[in-house]
Amino acid sequence: MTDKKSDAKRGAGPDFNQFRLRTFLESLQALDGAGEIEVRKEKVRLADVAGILESSPKAVLFEKAGAGGHALVGNAIGSRKRMAHAFGVAPRDLLPEVLKRLRNKPEFVSVPREQAPVQEVVMTGDDIDLTKLPVHLQHGLDGGPYISAAMDFARDPSAGWTNVGLRRLMIRGRKETGIDLMAPSDLRAIYLASLAEKKSLPLSIVVGGHPIDYFAATMRVPIDELGLMASLRGAPLPLVKSITNDIEVPADAEWVIEGFLDVAGYVEPEGPYGEFLGYYGGVKKNPVFRVTAITHRRDPVFQTLTIGGRAMSRTDTAQLCALRTEVLVWRALEVAVREVVAVYASPATGGVYNVRIAMRQRVPGEARNAIAAVFASLANVKNVFVVDPDIDIFSDEQMDWAMATRFQPDRDLVVQGGFRTLPLDPSLEGRNVGAKAGFDLTFKFGGGNHLEGRVPETPKYAGARFESVRAALADGPKYFEELMAAVGSDDGGDVVIALEALRNEGLLGRDLEQGQYQLIKKA
């Protein structure tokens, strides 16, 4: 093991702390009086970590986790508020901010190894021991302790790009892990191509990165994904070559585990594991990842991503998946309908299954077009709810209300089958295709302006002033609220008396559709 002392002045080059995980955690302590993070200074057994994380709605930083006393954090991005804070915006502005940043031109800075914080400490050979890292058992039936925050970096020889993804690593020994590579992914395709040439695949794994980097790793786009990471940061991405391979990784990360996927292929059992839909994934034959080096900062923070269990909406993975779903759905809707107002993927469903859309319909049928577009945009999306712009899609209360009052099952339910779907869904009962449902919770096009379709609000008492109720009504029909505003009434009693006088004169009428008072001419 070597502990490299860098002579480089940090201020002379990239800011290696701006997008550091520890910096983000420190910023949470200043957010709302530390309401988003809990810091445990006492020594904590790794066996106790899972229970503590599941019971806490906050990010939890363990300053002395396990026998090694390493710093470990979980739930770091387990709320939309924390995820939005990572992007420097309010929760409701998170999706628009991400969409804006995706248009940024990526920039990079190459960092010499002697200046890279993530390589301040280097372990190779006999110094490598995964069992000394703060890796804990996350779920009772898991096949072993898992590194769940494994952000993998691999080179795609066919495209010349770096692929970045999120994987899980099951500790199998001091220098090897299992890795889940069953689901369709770019890394699986790259690995299968390597196997066809009877070659192992070099891989570098970041553990402990800024939330923006983890979100970038969830996206699956046909580009060099280092560029995606840089665009989302909105700042030059500092990159350093790994110690035992040529893969570039963020120089400001906390930990990196280097190695390769074994040429033997899918030969070793991996799992079970508590998956992001809240159920277990079974045992599967998967490749083995063999470790050739571990590097880290001098004061690193190891990271675990919470996943599964009954508190789904508070897990890191649900928040990451929800934001990814929203981005992909928004892009699909941009070409399908004219005016999308907001998109929200419910984290309680793992961030993938239930999607809410608020939109302003310009022509009849656009809500159905939106449903069809979302059906086709993502295999994982199962239920789509479309509402008018007056509904707050972030509010379960308002969504329930829209379902109860604007939806008729025989008219507004869209069900289609035969879609590619997520095999982890236990309701499939072994089938390899599934159904999707769309719920049109919008008013009939052009029909939301009638009185029975308007939402009651507290009086605003806005409008022009008049010398009397009679003069106000001579100006045109008015609601009682407008009449109170017209004469500056404090309690409405004087307006009632004025209306009574007009009624006795035979001059008072009512609009039976809208309920406004109006003057009528005597017969």
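Numbers here are sequence positions counted from 1.
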[Y] and [X], any side-chain heavy atoms less than 4.5 Å apart:
{"X": "Asp142", "Y": "Tyr280", "value": "yes"}
{"X": "Glu38", "Y": "Ser56", "value": "yes"}
{"X": "Pro250", "Y": "Val206", "value": "yes"}
{"X": "Asp152", "Y": "Leu166", "value": "no"}
{"X": "Phe62", "Y": "Ile52", "value": "yes"}
{"X": "Leu72", "Y": "Gln303", "value": "no"}
{"X": "Val135", "Y": "Leu46", "value": "no"}
{"X": "Cys321", "Y": "Val352", "value": "yes"}

Requested in this report: Assess whether side chain to side chain contact (heavy atoms under 4.5 Å, CB included) is satisfied between Phe215 and Arg324, documenting all intermediate values.
Outcome: CA-CA 7 Å; Phe215 172 66; Arg324 172 182 180 268; 4.1 Å; yes
Given 3.5 Å as the limit, does a donor-acceptor pair link the side chain of [X] with the main chain of [Y], or not?
{"X": "Ser148", "Y": "Leu305", "result": "yes"}
{"X": "His139", "Y": "Glu275", "result": "no"}
{"X": "Gln398", "Y": "Asp392", "result": "yes"}
{"X": "Ser489", "Y": "Asp494", "result": "no"}
{"X": "Asn104", "Y": "Pro106", "result": "no"}
{"X": "Tyr214", "Y": "Gly208", "result": "yes"}
{"X": "Asp412", "Y": "Gln408", "result": "yes"}
{"X": "Arg82", "Y": "Asn75", "result": "yes"}

Query raised in the report: What is the ring orientation for Phe439 with Phe407, classed by angle as parallel under 30°, tilted 30 to 60°, or perpendicular over 60°?
Result: tilted
Closest approach of [X] to [Y] (non-hydrogen atoms, all atoms of both residues):
{"X": "Ala367", "Y": "Met359", "result": "CA-SD, 4.0 Å"}
{"X": "Ile77", "Y": "Asp316", "result": "N-OD1, 2.8 Å"}
{"X": "Phe443", "Y": "Gln361", "result": "O-NE2, 4.0 Å"}
{"X": "Asp15", "Y": "Gln18", "result": "OD1-N, 3.2 Å"}
{"X": "Ile37", "Y": "Leu25", "result": "CD1-O, 3.8 Å"}
{"X": "Thr304", "Y": "His136", "result": "OG1-NE2, 3.2 Å"}

Query - Worked verdict on Met151 versus Met229 for side chain to side chain contact (heavy atoms under 4.5 Å, CB included) - result: CA-CA 12 Å; Met151 191 189 320; Met229 191 174 290; 3.9 Å; yes
Could you tell me whether [X] and [Y] make a salt bridge, using a distance below 4.0 angstrom between a side-chain N and a carboxylate O?
{"X": "Arg20", "Y": "Glu26", "result": "no"}
{"X": "Arg406", "Y": "Asp390", "result": "yes"}
{"X": "Arg101", "Y": "Glu97", "result": "yes"}
{"X": "Arg338", "Y": "Glu366", "result": "no"}
{"X": "Lys460", "Y": "Glu457", "result": "yes"}
{"X": "Lys58", "Y": "Glu36", "result": "no"}
{"X": "Asp180", "Y": "Arg167", "result": "no"}

Query raised in the report: Taking the six-membered ring for Trp, are the ring centroids of Tyr479 and Tyr517 within less than 6.0 Å of each other?
Result: no
Between [atom1] of [X] and [atom2] of [Y], what distance do you get to the nearest 0.5 Å?
{"X": "Arg356", "Y": "Ser395", "atom1": "CZ", "atom2": "OG", "answer": "7.5 Å"}
{"X": "Met399", "Y": "Ile393", "atom1": "CE", "atom2": "CD1", "answer": "7.5 Å"}
{"X": "Ile371", "Y": "Ile357", "atom1": "CD1", "atom2": "CD1", "answer": "7.5 Å"}
{"X": "Arg22", "Y": "Asp252", "atom1": "CZ", "atom2": "CG", "answer": "14.0 Å"}
{"X": "Leu502", "Y": "Leu508", "atom1": "CG", "atom2": "CG", "answer": "6.0 Å"}
{"X": "Leu507", "Y": "Leu519", "atom1": "CG", "atom2": "CG", "answer": "6.5 Å"}

Query raised in the report: Phe153 pairs by side chain to side chain contact (heavy atoms under 4.5 Å, CB included) with which of Leu187, Asn163, Val164?
Result: Val164
Would you say [Y] and [X] are linked by a side-chain donor-acceptor pair, where the criterion is simply a distance under 3.5 Å?
{"X": "Thr23", "Y": "Asn17", "result": "no"}
{"X": "Glu54", "Y": "Thr306", "result": "no"}
{"X": "Glu326", "Y": "Trp330", "result": "no"}

Counting only heavy atoms not in [X] (residues, nucleotides, ligands), do more than 12 fall under 6.0 Å from its [atom1]?
{"X": "Glu397", "atom1": "CD", "value": "no"}
{"X": "Phe419", "atom1": "CZ", "value": "yes"}
{"X": "Arg411", "atom1": "CZ", "value": "yes"}
{"X": "Asp490", "atom1": "CG", "value": "no"}

Query raised in the report: Could you walk me through whether Thr349 and Met312 pass the side chain to side chain contact (heavy atoms under 4.5 Å, CB included) check?
Result: CA-CA 7 Å; Thr349 65; Met312 288 284 291; over 6 Å; no
Report task. For residues 471-484, pull every pair meeting salt bridge (Lys or Arg N to Asp or Glu O under 4.0 Å), keeping only residues two or more places apart or in separate chains. Result -> Asp475-Lys478
Can you give each donor-acceptor pair under 3.5 Å made by side-chain atoms of residues 378-387, sequence neighbours left out, with the distance rounded to 0.1 Å?
unit_1: Lys382; atom_1: NZ; unit_2: Asp425; atom_2: OD2; d: 3.0
unit_1: Lys382; atom_1: NZ; unit_2: Ser427; atom_2: OG; d: 3.2
unit_1: Asn383; atom_1: ND2; unit_2: Asn354; atom_2: OD1; d: 3.0

Query - Residue pair Glu254, Phe302: steps toward the side chain to side chain contact (heavy atoms under 4.5 Å, CB included) verdict - result: CA-CA 7 Å; Glu254 302 287 334; Phe302 205 81; over 6 Å; no
Query raised in the report: For Arg362 and Glu339, what are the C-alpha separation, side-chain angles and deciding distance, and is it a salt bridge (Lys or Arg N to Asp or Glu O under 4.0 Å)?
Result: CA-CA 8 Å; Arg362 297 296 185 91; Glu339 193 171 350; 2.3 Å; yes
**Report entry** Worked verdict on Asp213 versus Arg233 for salt bridge (Lys or Arg N to Asp or Glu O under 4.0 Å)
**Finding:** CA-CA 8 Å; Asp213 295 352; Arg233 283 191 179 197; 2.7 Å; yes
